Protein chains: 2
Amino acid sequence: MGKVLTMPFEGSLENLSATTAPQDVSLEDAATFDVLRKMREDILCCVLKPDQKLRFGELRQRYGTSVGTLREALSHLVSEGLARTEAGRGFQVAPISLADFLDLSELRVYLEIRTLADAIRHGTDAWEAEIVSSYFLLNKLAPPRQDDPVSVKREWGKRHKRFHDSLVATCRSPWSLHFRSELFDQARRYHWLTMIHARSRRRNEHLELRDAVLARDVDLACGLIEKHIRTTVQQAASEVPGLTLDMAKRKKA
Amino acid sequence: MGKVLTMPFEGSLENLSATTAPQDVSLEDAATFDVLRKMREDILCCVLKPDQKLRFGELRQRYGTSVGTLREALSHLVSEGLARTEAGRGFQVAPISLADFLDLSELRVYLEIRTLADAIRHGTDAWEAEIVSSYFLLNKLAPPRQDDPVSVKREWGKRHKRFHDSLVATCRSPWSLHFRSELFDQARRYHWLTMIHARSRRRNEHLELRDAVLARDVDLACGLIEKHIRTTVQQAASEVPGLTLDMAKRKKA
DNA sequence: ATTTTATAAAGTTTCGAAAATCCGTTTACA
DNA sequence: TGTAAACGGATTTTCGAAACTTTATAAAAT
């Protein structure tokens, strides 16, 4: 658990960030990306449920677009790990399982620590300002529980993501940031399920995290984020019903 | 450099690998994936050069397929980081730079170590057999140099990948394997450039690696793979011409 | 000479129909 | 009764043409 040990990226001679890491497809404004964004959000928030078959007919209605456009978006979701496909038999929402959540969380611990440590070391005033700002917004909303309306849960999820993104924003490793981001989104699916069934209330870990980061205390901050992730897994494992024996949901179709 | 420290995935209660990690899109046999595979290979081998504009007209001829299919494949390449796109102005091959190679290699070191350590701990007879077999095939071909024909370079690249894949095949973390695989492919682009300009000859690092792995010596094997990756970066940095001042190739168009 | 505006060419994005494929059911045969 | 082949409906996959955007070219205006 202990030491942080992230090696800084001082190998890279220059910080010019004209890199090759995959594009985080949000800068785009074309119609395809609208659909992609919407579908991703719907999968993350389990509007489209795990294992659900994704038929073109229905999707076409739901998102008001053509087959080709849908196909492109779906193809994208597959490579993000949010959908699966088998040649000839269409697409379906990626399954979930405790084993998967554990696996991705372990990797997340490393990537969050790695990016956070580097971000703190290269933080700027603007970075601090955005952290303060995004924390403020997050804190304004109480962490949602099972009986809160969906819109509140969604908004909280958005602010939660923004806060965590702000923490690592000045990390200079595009690849680390990219993978961190993918895993964060994956985790959001499980977070959503946890919110749905949330019984226990957690203390304000985000505030501690914010302060440690602003104090530039790398070890403390990284320790906190690690605990934060692990606690989240624990909570999900103990409070989300169908998430223990893994594949007991195949019958759901 | 030292310690290996990869934490095993003993958190995951069961090893059933019915997971959610993104599909490695090679099991597919549809036409779209043929095109995707071919295009990926062409980018990796710099047939399609970094920064090159990818016009639909030309691609359509080259791969004998329709716009829609191409678009789907390109979209996939974007999320793998092998291409870029800007709404309204099409696609282009992802740029390369030394900074990028350094960045991805640092992350690769971690992921290769993580996956290799776990793979060794859970290796089976079949795993050992495949390592022996793939090493044999790799060793039959001498590492290609600048004057070797392209077909030889390609074949060697294929066998090289197969060997490295075989080493980590029994790793039980699908997400780690997935990201490792993406980064390995990224690195292949730079390896190709190195082969083109290779001056120095390296000793047989793959043999050492194979033996360390088969001897189940985790620390040694991980140390070797780390050195292997770092050496490759060094070689590329010193022997590939345009790969020092990063963006001196914007003029190439 | 430089900027601005208009026009044409090139290229990209979207769409829905046609071809191919899969899946469940019925029919034929041993 | 059980197995295999064959049909029909549903769904996916592929395609190229139409609509739209950007880029290049040329003429007009400052």
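As the structure is a prediction and not an experimental result, all values here were calculated from the model. Residue numbers begin at 1 in each chain, while the letters A, B, ... track the order of the sequences.
Along DNA chain C, the nucleotide closest to A:Val67 and the one closest to B:Glu58 are compared, and the more 5′ of them pairs with B:Glu58.
Using a 4.0 Å heavy-atom criterion, one finds that A:Leu59 contacts no nucleic acid atom at all.
The nucleotide whose nearest atom lies closest to any side-chain atom of A:Thr69 is, among C:dG16, D:dT13, C:dT14, C:dT14. Closest to the side chain of B:Phe91, from the set C:dG16, D:dG16, C:dT13, is C:dT13. Considering only side-chain atoms of A:Arg55, the nucleotide from C:dC15, C:dT12, D:dT11 that sits closest is D:dT11. Distance from the side chain of B:Ser66 is smallest for D:dG16 among the nucleotides D:dT12, D:dG16, C:dC15.
Under 4.0 angstrom from either OP1 or OP2 of D:dT13 there lies no side-chain N or O belonging to A:Arg89. For C:dT13, the OP1/OP2 oxygens have no side-chain nitrogen or oxygen of A:Thr32 closer than 4.0 Å. Put simply, B:Lys53 has a side-chain N or O that comes within less than 4.0 Å of OP1 or OP2 on C:dT12. Between D:dT14 and B:Thr65, no contact under 4.0 Å exists linking OP1 or OP2 to a side-chain N or O.
Salt-bridge check for B:Glu41 with B:Arg37: failed, with every basic side-chain N at 4.0 Å or more from each acidic carboxylate O.
A:Tyr63 has its OH atom 17 Å from the P atom of C:dT14, to the nearest Å. The interatomic distance linking B:Leu70 (CG) with C:dG11 (C1') rounds to 13 Å, in whole Å. Here the C1' atom of nucleotide C:dT13 and the CZ atom of B:Arg60 are 14 Å apart, to the nearest Å.
A distance-only check finds no donor-acceptor pair linking the side chain of B:Thr85 to the backbone of B:Phe91 [under 3.5 Å].
A:Tyr190 OH to A:Leu102 CG: the interatomic distance, rounded to the nearest 0.5 Å, is 9.0 Å.
Remark: B:Arg180 qualifies as a cation-pi partner of B:Phe184 under the 6.0 Å distance and 45° angle criteria applied to the six-membered ring.
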